[in-house]
Amino acid sequence: MNLRKYFTLIKAGILDFLQFRLGTFVIIVGNMIYLIVIYNLWKAIYASVDTPTVNGMTFEETMIYLVLASSMFSFMECFLVWEMGRSIQDGNITLALLKPMGYAKYQYFSLAGNLVASFFLTFIPTFIVIEIITNGAIRPGINLLFFLFSVILGTTINFAVDFFVGTICIYTESIWGINIMKEVIVMFLSGATVPLAFFPKTLRSIVDFLPFQAIYHTPLTILTDSTLTIPAMLSMLGMQCIWVVVTLLIGNLFWHFSIRAITVNGG
Amino acid sequence: MKTLSLPYYAHIYKMILIQDIKSKMSYRADFFISTIGMIFTNLSSLAAFYITFLNFPSVMGWSYHEMLFLYGFSLLALTPLQCLFDNNWSLRNFVYRGDFIKYCFRPINTYFYFISEVFDLKGLGQGAFGLVTLIYAWNKLQLPVTFLIIVQLLLALTTASLFMIAIMNFAAATCFYIINSGYVMVTANKFRDYAKYPITIFEPFFRFIFTFIIPIAFIAYYPSLLFLRTNNIPLLTWLSPLIGVVFFYLSYLFWMHGARNYTGTGS
């Protein structure tokens, strides 16, 4: 198997990301303001109850969870739905289809470079800042290794969901509407807006049967919950693997079914 | 001069608007999907509120229904931005591709002509959602309804809407000065989500920032005090209409300065 083509795509993605340094700076400032807002909000929320823990989460744990979730969200954000939707509308999709590589695979490895770069530029700094501020609340150890695997699996599930939603754009011109629905559903059901621990029981049990919690919640739990044993972490990774297979399979089936229906104007 | 009169502009606005709505109506499916997407966004914010308040009784002395009031108010105050000023999102594409030059050759105000070109229908869905939320909260809080209060509410909403419009004007106009400024818009756009929180949750320093630098506190918090804290209304609440007009005018000047120095792309 020739791996060079994959590395070339990843490298191009990294260079593409670094091209827009000003954009990165603005994103960092935006994220900092976001963090200030949610920090103050949750501090105020916790200040209004007498107990230090609510649903087994202290203020500090809630903050770490939300901060890391938001930074994971921004590093995983790859605008794939927009990219696919636009190229379906302007016809550039035909060029991508002619490439000697499956479309999903091509997109996945093109995005991988971007993801690697933004992982180091947004997630790692956030993580380090949290470690410094909280005096090492997250104990580094074997969980970091599991976390890394879990992030890769989570990113893949996120990609598969995006790819599935992007495929819907073959049937409609409404990229904005489709994308915002996806974003809201993923954010909410993955626990990035409100930690899953706060969800009422019935809602929680429904969420556990959906793939979205495997995107952010699983890696974050592995990273932050120091009581997890290695077998427990392995079984969580196993669940993620199942979700990777299921979501990629569904995404690919849907794509291959839909691509026959594609209509490109002119060109 | 005829071209400067207000009725003349109103007439032109109506003509352009009708054309835009006609063309939008040929994509009915897009309208429905976008509206559903908009409602999804708001439903998820509402669900996040609800889940948070299942676990916590209040935030800094603000009850669940008072927070809902702020939320509904902010949604309504953001509706004019969403409906009438949405073309700012395309500004950077027009500037980048050189098509912006067409706006400079019209014998009417450039900003006016550019902004009037698009009416975003999906904003109406958000407005309706905000109205229902506000009425529900109003009812639960048993606030009085008199003619004077309704007039105050309408005035407060109108002037509050100017703040976010101005912020987006500033953000959009950055594309006249820097290339690939899409991130500025995306970052600035996130500020609208923070408008729904009472400013008292922040430390004095950030209260100052969110009042005078990024004035999102005027979108919902300060005007809402007029109805929620009737016996303790700060001066800023009374001044907010004036500040809104000034801030909007400044953003207009910044926008126009960029437009006047626009040199085109040479193509």
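The basis for the numbers below is simple: all heavy atoms, side chains too, and nothing from hydrogens, waters or symmetry mates. Chain letters run A, B, ... following the sequence lines, proteins first and then strands; every chain starts at 1.
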Between the CG atom in A:N40 and the CD1 atom in B:I201, the distance rounded to the nearest 0.5 Å is 6.0 Å
Check whether any side-chain heavy atom of A:T172 sits under 4.5 Å from a side-chain heavy atom of B:D30, and report yes or no.
-> no
Does a side-chain heavy-atom distance below 4.5 Å link A:V37 with B:F210?
-> yes
If you round to the nearest 0.5 Å, how far is OG of B:S44 from CG of A:L189?
-> 9.0 Å
Report yes if the side chains of A:M181 and B:I36 come closer than 4.5 Å at any heavy-atom pair, otherwise no.
-> yes
Min side-chain heavy-atom separation B:I51-A:F188 under 4.5 Å | yes
Tell me, side chain or backbone of B:I39 under 4.5 Å from chain A's heavy atoms, or both, or neither?
-> neither
Given a strict heavy-atom distance threshold of 4.5 Å, which part of B:A47 is in contact with chain A: side chain, backbone, both, or neither?
-> both
Which of parallel (below 30°), tilted (30 to 60°) and perpendicular (above 60°) describes A:Y34 and B:Y194?
-> tilted
For A:F199, is it the side chain, the backbone, both or neither that has a heavy atom under 4.5 Å from a heavy atom of chain B?
-> both
Could you give the distance from OG1 (B:T187) to CD1 (A:I33), rounded to the nearest 0.5 Å?
-> 8.5 Å
Could you tell me which portion of B:Y50 (side chain, backbone, both or neither) has an atom closer than 4.5 angstrom to a non-hydrogen atom of chain A?
-> neither
A:W42 versus B:T52: any side-chain heavy-atom pair under 4.5 Å?
-> yes
Picking from A:I45, A:I185, A:I38, which has the most non-hydrogen pairs under 4.5 angstrom with chain B?
-> A:I45
Is any side-chain heavy atom of A:K182 closer than 4.5 Å to a side-chain heavy atom of B:F40?
-> no
Heavy atoms of other groups near B:K102 NZ, more than 12 under 6.0 Å = yes
Best-contacting candidate, B:K190, B:E203, B:K122, against chain A by heavy atom pairs under 4.5 angstrom | B:K122
What part of B:Y197 gets closer than 4.5 Å to chain A, counting heavy atoms only: side chain, backbone, both or neither?
-> side chain
Roughly how far, to the nearest 0.5 Å, is the CG atom of B:N55 from the CE atom of A:M57?
-> 11.0 Å
Residues, nucleotides or ligands: over 12 heavy atoms within 6.0 Å of A:F257 CZ = no
Derivation of the side-chain contact (heavy atoms from CB on, under 4.5 Å) call for A:I36 and B:F206 = CA-CA 9 Å; A:I36 291 163; B:F206 292 112; 3.4 Å; yes
